[in-house]
Colleague: 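Have a look at this one before I ask anything.
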Amino acid sequence: MLEQLLIFTRGGLILWTCGNALKGSPIDTLIRSCLLEERSAETSFSYDAPAGGAAYTLKWAFHNDLDLVFVAVYQRILHLLYVDDLLAAVRREFSQIYDPKRTAYDEFDEIFRQLQKEAEARAEEMRKSKQSNRASLVAGKKQGAGAGQRAGGQGNAKQKGGKAGSGKDDDDDGESGRGRGLSNGRENGIKEPSRARSVVVKGKDNGAPEVGAFDVNKLQRLRPKGGKKTDTGGWRASKAEPKKIVKKNRVWDDSPSDSRLDFTDPVDEKGDEIVDVGKTDHGESMMDKEEIVSSDSESEEDEEVESAKPGTEKKGWFSSMFQSIAGKAVLEKADLKPALKALKDRLMTKNVAEEIAEKLCESVAASLEGKKLGSFTRVSSTVQTAMEEALLRILTPKRSIDILRDVHAAKEQGKPYVIVFVGVNGVGKSTNLAKVAYWLVQHNVSVMMAACDTFRSGAVEQLRTHARRLQVPIFEKGYEKDPAIVAREAIQEASRNNSDVVLVDTAGRMQDNEPLMRALSKLINLNNPDLVLFVGEALVGNDAVDQLSKFNQKLADLSTVPNARLIDGILLTKFDTIDDKVGAALSMVYISGAPVMFVGCGQSYTDLKKLNVKSIVKTLLK
Amino acid sequence: MQDMEQWMHKIEQWMHNIEQWVRQQPVEQFYAALAVLIVTFAFFAVLRLLKPAKSNTIVLAGLSGSGKTVLFYQLRDGSSQQGTITSMEPNEGTFMLHSEMEKKGKLKPINLVDVPGHSRLRPKLDEFLPHAAGLIFVVDALDFLPNCRAAAEYLYDILTKASIVKRKVPILILCNKTDKVTAHSKEFIRKQLEKEIDKLRTSRNALSTADIANEHTLGVPGEPFAFSQCRNKVTITDASGLTGEVSQVEQFIREQVKP
């Protein structure tokens, strides 16, 4: 049963509510972590009340024209199928009695009770009809099994239709595909929109083969699959892969000389005394320089937009012009689709990950559907404005990125401020660590570097050179040591000699390398740093999504405390190598929710700056 | 082609006729028309220059959860309705304050804007500040200490915006939720905010000559910061949005939006 149903305006006023009081604050959390993060196209949101409260699932619907939000909350263990229907019905009924001046809608109680009964009844009916449908289909399959090839041919035809349906990515087609045939569901198996639906489909799949549609399934299995796996098949395959490959010394054909060629001494202190490099001063770090942003006028951008869209049909343009002059057209999903597709393509040419662009476009569509077009505005310009707002919202940091203030706060408490740099191989962690150290030193903060990259050859020396040039102390323990222990000792050393900041350099690691990720999460859990900075390069494409989500997931899974430390900030590197393909910034911020704290735009000490949100949004939508 | 030529010919004839008609009119009419035009333009130009154009917009700003939306509805309707949640969009309305509905006499309606406090929606504040006649910064007096830093940062950002400093917009710091017993006093909050802003001043203006984030500096260098050092008037007061004790807020609003 529904725990609560809430109707509120986008401005924050609750108009009507029905149900029991909820534990914790699920609605607030929904707004902060889902709707304001442009994930409003997802189907549901799960919330765990803190301190052993209940677990809820939340579903929502928008009425974009009247700026209303409808949210239904129910216990997660119940799988209520009628909630979407109920939300749609409530939206319909409420919009008829809604008046912007009124704030109390007591008569809606009756209407709601009625709607709830109707929705529950409908759900019961659908469930019963599905059961009877399954029984009749099973009987049909038995007959088909007798015929053999004919059924296979039918299945083939049905499958092609089903594939076309899923290709269109339409909700309706997906549903009808599900009703059409169980063998279809198995082959389609891919983009089931919601978890609940896929659970239902899989349930039916398991049901049918047992009962008797064996011949048809065997035929389909015999047919070459060509890489079309179902979700479960994919999972099982990946789990079965053995991970027992031990790294062996690579043996070449010529006889190798086993003599040691690595002359790094464990702790080379003489290095500091022999070479006395003067403290480098390259001038002001670009963090402190103001950026001059060119301000193009809005109309210029619009003209470019028009000229850059070659594929619009003439008839479509004409009718949209008509509607734009007449105004008052209600935006439908079909109207938004071409404009959104063009926007999505444009985002992807700017190196935004495909998944992110898709989710963003869906979220913008969810927020525009049902809205009335103002007069003299085209659909494309409305979509453009909405997308611009959404991008601005995502890229605006939700926590303060003022590191100096945090450093001062930690200084008052008497502890050093610890920053850990993590990332995959070769993104520029050590170089950017030196840049951050340079910037901090310029602001009269005493820095200490900790060389916890004990794996890569030359890493400790590299950091030592930087430390010498910037004249900051460095804590190192050589190679082949446990980085977590090195970090802990470094922090103790820093608190002993009163350093304000400790910059911890870690080894690069791929996101799906299980032992290395475990070592990283051990380092973070043991030392509890103040800032976990993920270093990502701006050249990365779709892999950014994978990297960040796997890093966050591993840090959350392997954490020993309930409130796991996740990635707190992003350092975007190699920004000078991309001209205007700045999409990696958007992908990373969207998938992790962490703000971009620094941007590395070159290879010398001064090339570190802050992210200018407005210029990035402008570049993305140019 | 012949049609085109005929059209062109007809147009030429019309133009010719019009010219002749115009020439036949007495010259004085033209002068009269021109004079009327000039006088009208001059009139409007003078009006725009002379009119002080005092706007009637009051902006409610503050951290998320400090009680702005409750205050908005309290000022508008006299009750906070059934409750509020985190706002996703600004609430705007032009109305007479609820307590003044009964008063007779011509009072100017107020345009009250409640800007969401969520950090992702901060840029929305910049849309409303250029027209603001006054700003009310709402602070949660109950849950003050955990949010002290964030509140001070937001207040610092507002106090250093060009549109506030240049137009000397008066600011009222409102300690909300004072109906609860454990709410802090306004003196305590004022001192804490001043201390935090002082620290922010030093960290933001540390060494760089270019003021990267803020457009103006606050206070007198060398002295600890106090709100009295601001060029625009900053006052602090108590209120409670839920119970309706908002008399001082209304007083402030009335001062800024004079009829």
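Naming convention: chains lettered A, B, ... in sequence-line order (proteins, then strands); numbering from 1 in each chain.
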Colleague: Checking A:R32 against B:T86: is there a side-chain donor and acceptor pair closer than 3.5 Å?
Modeller: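 Checked: B:T86/A:R32 side chains pair up, N/O donor to acceptor below 3.5 Å.
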
Colleague: So which part of A:V69 gets closer than 4.5 Å to some heavy atom of chain B, the side chain, the backbone, both or neither?
Modeller: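 For A:V69, the side chain is the part near chain B, not the backbone.
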
Colleague: Find out whether B:S119 and A:T396 are in side-chain contact, i.e. whether some heavy atom of one side chain is under 4.5 Å from a heavy atom of the other.
Modeller: no

Colleague: Which residues in residues 591-601 of chain A have any heavy atom lying under 4.5 Å from a heavy atom of chain B?
Modeller: A:G593

Colleague: Evaluate the side-chain proximity of B:M88 to A:R393: yes if any heavy-atom separation is below 4.5 Å, no if none is.
Modeller: no

Colleague: Report which part of B:K68 has an atom under 4.5 Å of a heavy atom belonging to chain A: side chain, backbone, both, or neither.
Modeller: neither

Colleague: Can you tell me how far the CG atom of B:L121 sits from the CD atom of A:E389, to the nearest 0.5 Å?
Modeller: 9.5 Å

Colleague: Checking heavy atoms, do the side chain of B:I85, its backbone, both or neither come under 4.5 Å from chain A?
Modeller: both

Colleague: Using the side-chain hydrogen bond (donor to acceptor under 3.5 Å, both in side chains) rule, collect all pairs that involve residues 126-140 of chain B, keeping only residues at least two apart or in two chains.
Modeller: B:D126-B:K161, B:D140-B:K177

Colleague: Any idea which of A:T17, A:L15, A:L392, A:I27 has the most non-hydrogen atom pairs under 4.5 angstrom with chain B?
Modeller: A:L15

Colleague: For B:S87 and A:G11, work out which heavy atoms get closest and say how close.
Modeller: OG-O, 2.7 Å

Colleague: Considering all heavy atoms of both residues, which atom of A:L395 and which atom of B:R120 are nearest to each other, and what is their separation?
Modeller: N-NH1, 4.4 Å

Colleague: Is it the case that over 12 heavy atoms from other parts of the model lie below 6.0 angstrom from the NZ atom of B:K124?
Modeller: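 Counting neighbours around NZ of B:K124, more than 12 heavy atoms of other residues, nucleotides or ligands fall under 6.0 Å, so yes.
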
Colleague: Flag the pair B:R149 / A:D406 as yes when at least one side-chain heavy-atom distance between them is below 4.5 Å, and no otherwise.
Modeller: yes

Colleague: Can you list the steps and then say if A:E412 with B:K199 is a side-chain contact (heavy atoms from CB on, under 4.5 Å)?
Modeller: CA-CA 11 Å; A:E412 279 162 26; B:K199 283 186 216 154; 3.2 Å; yes

